[in-house]
Amino acid sequence: MRVRFAPSPTGHLHVGNARTALFNWLLARHGGGTYVLRVEDTDRERSTPESEATIKDDLRWLGLSWDEGIDAGGDVGPYRQSERLDLYAAHTRQLLQSGHAYRCFCAPETLEAQRQAALAAGAPPKYPGTCRDLAPDDVEARVEAGARPAIRLRVPADREVAFDDIVRGRVAFHTDVIGDPVIVRGDGIPAYNYAVVIDDALMHITHVVRGEDHISNTPRQLLVYEAFGWTPPAFAHLSLVLGPDHAPLSKRHGATSVAEFRAKGYLPEALANYLALLGWSPGDGQELLPLNELAARFDLAHVGHSAGVFDEAKLAWMNRHYLKAATPGRLVALAVPYLQSAGRVTGGLSAAAETWLSQIVPPLAASLDRLNELPDRMHLLFAFDAEAALARDDVRAEIAAAPAPAVSRAWADALASSPRLTARDAFRALAKDVGTRTGAKGKALFHTIRLVTTGLPDGPELDVLVPAIDQAADFTPADGLAPVPGCRERAAAFVAALDRVTS
Ligand code: GLU
């Protein structure tokens, strides 16, 4: 089995195309096949090297490595259409010779006028065949005179062109609706429907899996296979990815490209898992499947033909699962760019700072949908503003009620003469002390400590938070982190602010 992903490098990798890439990859990996990456850049105006680079980068990020093609090499290259023009030209000469193609000298304005006239008459626009049967001498004379004709495929009249789509079943078109298509433009650039056939055939592609938007191209492509006497591959057309309003997923629905989901802090395995289930199901209700499991189970027979509605909440649910499963080291590596742009990582991290992050990031990340939410979640480690806390009605009311004022002061006093609370046990012991001295326990004790330490009525567990704060409190700029005010400093500032408010 040989499959390919054949992106046009004209923009970012849309999640719909990423799903096409994924299904091809899964098919190849499931069946021990070869996965080919081919770049379809015959649209010279819209194709850019930057787009090709981001598409490759996004594919690699998703884990969809290819065996053959751009960058990987292989025996049936080149794998970029713009480098295959000679090959197309040789094949075109063959079709001209066999009479399956002919030169068309019609001016674009004439063709456009004919198109408009057909539309006005309520007929499907179709090339009227003006140049179909020009005398060979005439053709030669015009070429010699410098005309640069387009090349058209001679489509047989009154025929059915049909194929058995693996996803959609039998699909049939009548050739009467297909006017002889241009296969090579006047400037020598092949049309997509032509180049794709030569490429798929010469690259020995056995299964063409692509978006449903290409279904109406397939009969034209089949006619090209026929003209060359080639056996076409099997086709599977995947339904489109839709937005919540059932229109094709587009900008106005929000994020559409792999790059955007990546920037938001979705993990690649979450996006791949989510996209795999958009149209395919393993049949046993299992939903959380990493790439290797997906590949082990994937089959085209269970790809549905109803369109998949993109549901970001479901993606976020999967992402939470993978964030919880990620190793601390990986999570930190993934988190650093977000912390950098939030100004929390300020330079190269020391080993101590690295260790600190690997202890605090996983418990915080476990309650996130996406990594771009992490800087907000970590805000309370880096920033403490007692005045702002006491400006909140809820905090002020809670701190004013007995025994909170006494607990706050006792906690600040105890911290003033205590070493940093860098371990959970040290925190617990000091809290117990303060409890004994003030007679407060349970919520009255710990909730007050929370308010004094974070200025917030809720947040991560104090057992995790207090040691994390105090471990980082004595870091220096050389550790590569923004300053973290210690528990002692926080409590002192809080009590001072409380005194100002109550005096
Ligand atoms: N270059 C085409 C696209 O990006 C792919 C067509 C195909 O898979 O046949 O839509």
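- Taking CG of Leu323 as the reference point, atom CG of Leu267 lies at 4.5 Å (rounded to 0.5 Å).
- Environment of CG in Asp75: sparse, with no more than 12 heavy atoms of neighbouring residues, nucleotides or ligands closer than 6.0 Å.
- In this structure, a donor-acceptor pair under 3.5 Å is present between the side chains of Arg210 and Thr218.
- Taking a cutoff of 4.0 Å between a charged side-chain nitrogen and a carboxylate oxygen, Glu40 and Arg38 qualify as a salt bridge.
- Side chain of Asn273 to backbone of Met318: no donor-acceptor contact under 3.5 angstrom is found.
- Distance alone, capped at 3.5 Å, is enough to place a donor-acceptor pair between the Gln471 side chain and the Thr422 backbone.
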- Query: Does the salt bridge (Lys or Arg N to Asp or Glu O under 4.0 Å) test come out yes or no for Arg80 and Asp71, once each step is laid out?
  - Reply: CA-CA 10 Å; Arg80 198 177 279 113; Asp71 296 353; 5.1 Å; no

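- Taking the six-membered ring wherever Trp is involved, the centroid distance between the rings of Phe261 and Phe310 falls below 6.0 Å.
- Looking at Phe384 and Phe494, their side chains come closer than 4.5 Å, going by heavy atoms from C-beta outward.
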- Walk me through it: do Ile205 and Val3 pass the test side-chain contact (heavy atoms from CB on, under 4.5 Å)? CA-CA 5 Å; Ile205 299 302; Val3 297; 5.5 Å; no

- Query: Should Asp413 and Arg437 be marked as a salt bridge (Lys or Arg N to Asp or Glu O under 4.0 Å) after you check the CA-CA gap, both sets of side-chain angles, and the distance that decides it?
  - Reply: CA-CA 11 Å; Asp413 286 348; Arg437 248 186 290 151; 5.7 Å; no

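- A donor-acceptor contact shorter than 3.5 Å is absent between the side chain of Asp164 and the backbone of Gly169.
- The local environment of NE2 in His12 is sparse, with at most 12 non-hydrogen atoms from other residues, nucleotides or ligands closer than 6.0 Å.
- Taking the six-membered ring where the residue is Trp, Phe382 and Trp356 present perpendicular rings, their angle passing 60° and hence far from 30°.
- A salt bridge links Asp57 to Arg262: at least one charged side-chain nitrogen sits closer than 4.0 Å to a carboxylate oxygen.
- Using modelled atom types, one side-chain atom of Ser358 and one backbone atom of Thr355 make a donor-acceptor pair closer than 3.5 Å.
- Between the CG atom in Leu331 and the CG atom in Leu371 there is a gap of 6.5 Å [rounded to 0.5 Å].
- In terms of heavy-atom proximity, His14 sits nearest to Gly16 at ND1-N, 2.8 Å.
- Using a 4.0 Å cut-off between charged side-chain N and carboxylate O, Glu387 and Arg392 make no salt bridge.
- Here Arg46 does not pair with Asp41 in a salt bridge; the nearest charged N to carboxylate O distance is not below 4.0 Å.
- In summary, Glu373 and Lys264 do not engage in a salt bridge, as defined by a charged side-chain N under 4.0 Å from a carboxylate O.
- Between Tyr79 and Val36, some side-chain heavy-atom pair lies under the 4.5 Å cut-off.
- From Ile55, atom CD1 reaches atom OG of Ser8 across 8.0 Å, with rounding to the nearest 0.5 Å.
- The distance from the CG atom of Leu430 to the NZ atom of Lys432 is 12.0 Å, given to the nearest 0.5 Å.
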- For side-chain contact (heavy atoms from CB on, under 4.5 Å), just list the numbers for Arg490 and Val452, CA-CA rounded to whole Å, side-chain angles, deciding distance to a tenth of an Å, and then say yes or no. CA-CA 7 Å; Arg490 290 170 189 240; Val452 172; 5.9 Å; no

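- Between the side chains of Tyr88 and Asp199, at least one donor-acceptor pair of N or O atoms lies under 3.5 Å.
- Under a 3.5 Å cut-off, the side chain of Asp470 and the backbone N or O of Leu421 do form a donor-acceptor pair.
- Relative to the six-membered ring of Phe427, Arg420 misses at least one condition, a distance below 6.0 Å or an angle of at most 45° to the axis.
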- Query: Hey, mind stepping through Arg44 and Ser82 against side-chain contact (heavy atoms from CB on, under 4.5 Å) and telling me if it holds?
  - Reply: CA-CA 8 Å; Arg44 299 311 290 155; Ser82 57; 3.5 Å; yes

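- Neither side chain, Asp213 nor His237, offers a donor N or O lying under 3.5 Å from an acceptor on the other.
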- Before giving the answer on ring-ring contact (aromatic ring centres under 6.0 Å, His included), spell out for Trp280 and Phe298 the whole-Å C-alpha distance, their side-chain angles and the decisive distance to 0.1 Å. CA-CA 8 Å; Trp280 173 78; Phe298 188 76; 5.3 Å; yes

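- No hydrogens or angles considered: a donor-acceptor pair under 3.5 Å links the side chains of Asn217 and His214.
- The backbone N or O of Trp317 sits nowhere less than 3.5 Å from a side-chain atom of Tyr274 that would complete a donor-acceptor pair.
- Remark: Lys251 NZ is packed, more than 12 non-hydrogen atoms of other residues, nucleotides or ligands lying under 6.0 Å away.
- Under a 3.5 Å cut-off, the side chain of Ser341 and the backbone N or O of Pro337 do form a donor-acceptor pair.
- A salt bridge is defined here as a Lys NZ or Arg NE, NH1 or NH2 lying under 4.0 Å from an Asp or Glu carboxylate O, and Arg428 with Asp425 fails to meet this definition.
- Without hydrogens or angle criteria, Ser239 side chain to Ser306 main chain gives a donor-acceptor distance under 3.5 Å.
- Looking only at distances, a side-chain donor or acceptor of Ser51 sits under 3.5 Å from a matching main-chain atom of Thr10.
- A salt bridge is absent between Asp200 and Arg2: the closest approach of a Lys/Arg side-chain nitrogen to an acidic carboxylate oxygen does not fall below 4.0 angstrom.
- Classification of Arg4 and Glu68 as a salt-bridged pair fails, no side-chain N sitting under 4.0 Å from a carboxylate O.
- A salt bridge links Asp499 with Arg409: the distance from a Lys NZ or Arg NE/NH1/NH2 to an Asp or Glu carboxylate oxygen falls below 4.0 Å.
- Checked for salt-bridge contact, Asp67 and Arg29 meet the test: a charged N lies under 4.0 Å from a carboxylate O.
- Side chain of Asn319 to backbone of Gly265: a donor-acceptor contact under 3.5 angstrom is found.
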- Message: One pair to check against side chain to side chain donor-acceptor pair (under 3.5 Å): Asp299 and His302. What are the steps and the verdict?
- Response: CA-CA 6 Å; Asp299 62 345; His302 285 89; 2.7 Å; yes

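- Remark: the Ser257 side chain and the Glu260 side chain contain an N/O donor-acceptor pair separated by less than 3.5 Å.
- Residues Arg424 and Glu461 are not paired through a salt bridge, judged by the lack of any N-O separation under 4.0 Å between the basic side chain and the carboxylate.
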